Undergrad: 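Structure incoming, see below.
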2 protein chains.
Amino acid sequence: MTSQVLFKTLADPTRRALFERLCREGDLTVAVLTEGAGVSQPAVSKHLGILKRAGLVHDRHEGRQTHYGAQPEALSPLIDWTREMTEFWQLRFDALEDLLKRMDQ
Amino acid sequence: MTSQVLFKTLADPTRRALFERLCREGDLTVAVLTEGAGVSQPAVSKHLGILKRAGLVHDRHEGRQTHYGAQPEALSPLIDWTREMTEFWQLRFDALEDLLKRMDQ
DNA sequence: CGTATTCATAACTACTCGGTTATGTAAAAT
DNA sequence: ATTTTACATAACCGAGTAGTTATGAATACG
């Protein structure tokens, strides 16, 4: 998934809290996720749908309940992006440092 | 800055593109950033204001023009958060693996 | 000086989006 | 078979937000 989608998906606090809980506590049902989410069950379901489309969670149906679980590997584009940005910046910084050093001699 | 603010700030494509350009190309004026941004100059100024409040960029006034530059260090809460999430997940994974191994013997 | 340039701010608009209630669907329970 | 339970979907609404044009403020220029 593109990092753009990940940013938009994780920008919402409720959604991010759901993902965090799944990372900390493992697979949970919608009912369990709803209590403590601070919003209604339909709201939770919608958020879980968005998280799923972003690849951040997976679902498993068991009887009439659905278990959701985190897929933190999906965060890798985000990690790559931040690394890339800091690297670009560092590159220019090194180049500048080099230039100053050469000017100094 | 809290990672919540960073996610919300970087969720907008135009804003993220501005930050990326500043990381790649170094300090740039508002006029230069505006051409190629695909939106009007006031829009660019507003986005830069939001990026600044998030600590992602800094500005420097030089005569009548303002130079903006990236501060990728501000991304660290984001990096920490992703690390934390994957760690939580890994911890539970390791515990499970352990349990299975003990059950196997 | 007066004018032009560069950026920021104000005021407004259109749309997105997160929330709600209501309802549908499928599986368990009685 | 009927009812309850668990979740998803639909329809709708209010608030936030990204965009616009218009204008203000400050600095360079002729």
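Worth knowing before you read on, the calculation uses all heavy atoms, side chains too, and leaves out hydrogens, waters and symmetry mates. Numbers restart at 1 for each chain; the letters A, B, ... are given by sequence-line order, proteins then strands. Since this is a predicted model, take the numbers as computed values, not measurements.
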Undergrad: Assign a letter to each nucleotide of nucleotides 20-30 of chain C from its 5' end: B, base within under 4.0 Å of a protein heavy atom; S, sugar-phosphate only; -, no contact.
TA: BBB----BB--
Undergrad: Do the side chains of Lys101(B) and Asp98(B) get close enough for a salt bridge, i.e. N-O under 4.0 angstrom?
TA: no
Undergrad: With a 4.5 Å cut-off on side-chain heavy-atom distances among I, L, V, M, F, W and Y, is there a chain of contacts connecting Phe19(B) to Leu48(B)?
TA: yes
Undergrad: Between Asp12(B) and Val30(A), which is nearer to the 5' end of DNA chain D once each is assigned its nearest nucleotide?
TA: Val30(A)
Undergrad: Using atom CD of Gln65(B) as one end and atom C1' of dA4(C) as the other, report the distance to the nearest whole Å.
TA: 14 Å
Undergrad: Could you tell me the separation between the CG atom of Leu96(A) and the CG atom of Leu100(A), rounded to the nearest 0.5 Å?
TA: 4.5 Å
Undergrad: Just call it for His47(A): base, sugar-phosphate, or nothing, with non-hydrogen atoms closer than 4.0 Å on any strand.
TA: sugar-phosphate
Undergrad: Nearest whole Å is fine: how far is dT6(C) C1' from His61(B) NE2?
TA: 12 Å
Undergrad: Write down the distance between CZ (Arg16(A)) and P (dG18(C)), rounded to a whole number of angstrom.
TA: 14 Å
Undergrad: Does one hydrophobic cluster hold both Trp81(B) and Ile79(A), with members joined at side-chain heavy-atom distances below 4.5 Å?
TA: no
Undergrad: Figure out the CG/P separation between Leu10(A) and dG18(C), and round it to whole Å.
TA: 12 Å
Undergrad: Run Glu25(A) and Leu33(A) through side chain to side chain contact (heavy atoms under 4.5 Å, CB included) and show every step you take.
TA: CA-CA 11 Å; Glu25(A) 307 178 21; Leu33(A) 284 168; over 6 Å; no
Undergrad: Please give, in whole Å, the distance from dA8(D) P to His67(A) NE2?
TA: 12 Å
Undergrad: Going by atom type alone, with no hydrogens or angles, which donor-acceptor pairs under 3.5 Å involve a side-chain atom of residues 61-73 of chain A and a protein atom two or more places apart or on another chain?
TA:
unit_1	atom_1	unit_2	atom_2	d
His61(A)	ND1	Thr66(A)	OG1	3.4
Glu62(A)	OE1	Arg60(A)	NH1	2.8

Undergrad: For Lys52(A) and dA8(D), give me the distance from atom NZ to atom C1', rounded to whole Å.
TA: 11 Å
Undergrad: For dA18(D), does OP1 or OP2 lie under 4.0 Å from any side-chain N or O of Thr14(B)?
TA: no
Undergrad: Could you check how far OH of Tyr68(A) sits from P of dA6(D), rounded to whole Å?
TA: 15 Å
Undergrad: Could you tell me how far apart Leu48(A) (CG) and dA6(D) (P) are, to the nearest whole angstrom?
TA: 16 Å
Undergrad: Any chance you could lay out the side chain to side chain contact (heavy atoms under 4.5 Å, CB included) test for Met103(A) and Leu99(A), step after step, and finish with the verdict?
TA: CA-CA 6 Å; Met103(A) 283 175 59; Leu99(A) 178 66; 4.2 Å; yes
